[in-house]
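Worksheet for the structure shown next.
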Amino acid sequence: MDNVESRLVQCFGIIFPELNEKQIRVARKTSVQAWDSVAMVTLINVVEEEFRTQIYLEDVEHLGSFQEILTYIQERGIS
Amino acid sequence: MRLSEALTIIRQQACLQAPAFDVSLACGFTPLHIRTFLTAHLQLALEAKRIEVHTGLYGDFLGNVQRISSEPAHCGVILMEWPDLDARLGLRNLHGWRERNFTDVIDTVEARLAAVHNIVDSLSGQLPVVVSLPTLALPPLEPTFPTWRFSGFQLQLQHLVTSFAASIAKQTNIKIVNAAWLDHISPPSERFDPGSEILDGFPYSIKHAAVLGELIANLIQSPAPKKALVTDLDNTLWKGILGEIGSAEISWDLDHKSHMHAAYQELLRSLVESGALIGVATKNNPALVEEAFGRPDLILRKEHIFPMEVHWNPKSDSIARILDTWNIGADSVVFVDDSPTELAEVKAAYPALETVQFPKSPQDIYKLLAQLRNLFAKPFITEEDRIRLDSIRGSSTRREQLRTAGVNADKFLEQAQSVLQFFSEGRPPDLRVLELINKTNQFNLNGRRYTETELNQCLGDPYTFVWKVNYADKFGPLGNIAVVLGKNQGKTLVIESWVMSCRAFSRRIEHACLDHLFRKFDVSAIELAFEATERNKPLQDFLAEFFGERPSSRLRLPRDLFYSKCARLFHRVSEEVYG
């Protein structure tokens, strides 16, 4: 697990403390009950804070899983 | 504080098995991160409590304010932004930014503020309430006014809010967020997050939410104010090195470009008048310092300072002696010096002591003054604050007489002409009682703190009593120095809280308190809700006089045991009931 991935796992762990690391890596908006709209806003804000970036609204609607957020961060060269 | 840190603090507290501290937060927008930051900061300030921040419905500002009185909360928070006073003043609910609406907007805002005022009035005396006035700018809704020009409409709105605040501020349990200070720590241009407002109904940037949450938490649970300050002299209290230029040449005035030192003296003088202790630690020639304090133009004069440590030994030695004289912990003290080396030396010896460097440039003096004001800010000034310096001087004289004359303690106390008065507290409790319970560490039965609401609840219980203890002797009055909170349960008396100011040690006041309790309630034993804390060793030592060792938990003190071990008492005791 690289540095970006482990930091993203930590972000998810803050928002969804009931998930373990393995569950986080496969987490999807549709499969995690606690992943509601408030959790989504908070998660995006925590990720923005951790990676010192801004995630645009039009992108947020395509970020429905851990893997999608990880790919988004990696593709933009955010570290 | 970062959002992730705040969330982590909250997650950790969720597991806490602790009594709840309930806050009713009333706002018209989605509370989202402001709730998170407020909860986290309060959790840090109130470690022994589980913080619960209750919020209401989105868009129902008045209903949410009204709800504060119907919830079992320890504190209320009213957080208003312009759209809460009239939805037309926001981005989310567009109802037409037309000039013909402006008169009606003014009327609506006035009516809403009047309604909030009525609710706040009805809360008066029930619980403390923190009010935050609009922190965000009005939207650009006037066709003839660019954003850099004030309009009469905007000024009228601001006038309404300011008048409202000035009126509710007269009530003692209302605390209002200082907008000027907020401007200082959260730049207005960085507060609004239009994206978040439009999409989520949360108008604040995370940075602003963090700052505002901390500020409100500080208003709910103010950090314990510092009790005392030790200051250096050269290039701190005055400009110049006394030993090099002499007392006539040191300065603190505009002519010598040293006015920043006068401002510092002015602040210290103001602290003295609010009951703070000021000491001096300087590496200097005592005769020269004496001469310098003879100058009549000093703002902070010799009589305002006690003690003065003037010699060439390390400053940490001076601090040790000063702390001993004051009999307070290093964490209650601030040390100000212009030398980073001296500050570091003192900090190494006393890590809990707050060290502050006196600035080299006048540009930084305001920052220092604001920092010291915040460190020492007290919610009220009591009679004890006014007599504190004299009583410390009296205690020092007393100790010196005991030491030099070789008088034994019994003889000395017999001659002290001590008078103890016990006052039964009524509702609302005296602010000094709250201060003693919430500030005393060393002689504290269990470290338990009480909010005003909790103490009021205790006072409403017919079996509970709260005594305030006042002491005076021939060396001067100490004022109200102890509080006993207990329950009369027939044959046994349970003491839930017992605190005594460290200024009152070595006078057998604690013995006299127990003696008075036994006599007054005629009980066979007193149960003490004792818990060991990191700081209550003096109380543990006192109990060890009776039990032979320091206790570890709640205990029962039988009457026979107390009187078989109690030292001789010489106090004249009286009890007054009021409330």
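In what follows, chains are A, B, ... by sequence order, proteins preceding strands, each numbered from 1. Scope of the values below: all heavy atoms of this structure, side chains included, with no hydrogens, waters or symmetry mates.
- Proximity to chain B is absent for every atom of Ser37(A), based on heavy atoms less than 4.5 angstrom apart.
- Of the two parts of Gln10(A), neither the backbone nor the side chain holds a non-hydrogen atom closer than 4.5 Å to a non-hydrogen atom of chain B.
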**Asked** What do the steps show when you test Ser24(B) against Glu71(B) for side-chain hydrogen bond (donor to acceptor under 3.5 Å, both in side chains), and what is the final call?
**Response** CA-CA 7 Å; Ser24(B) 183; Glu71(B) 278 189 343; 3.0 Å; yes

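- Asp183(B) has a carboxylate O that lies under 4.0 Å from a charged side-chain N of Arg191(B), or vice versa, which qualifies the two as a salt bridge.
- With Tyr72(A) as the aromatic partner, Arg76(A) meets the cation-pi criteria of under 6.0 angstrom to the ring centre and within 45 degrees of the ring axis.
- For Ile14(A), the parts lying under 4.5 angstrom from a heavy atom of chain B are both the backbone and the side chain.
- Ring to ring, Phe66(A) and Trp35(A) are not that close: their centroids are 6.0 angstrom or more apart.
- Interface remark: Leu3(B) contributes backbone and side-chain atoms alike to the contact with chain A (heavy atom separation under 4.5 Å).
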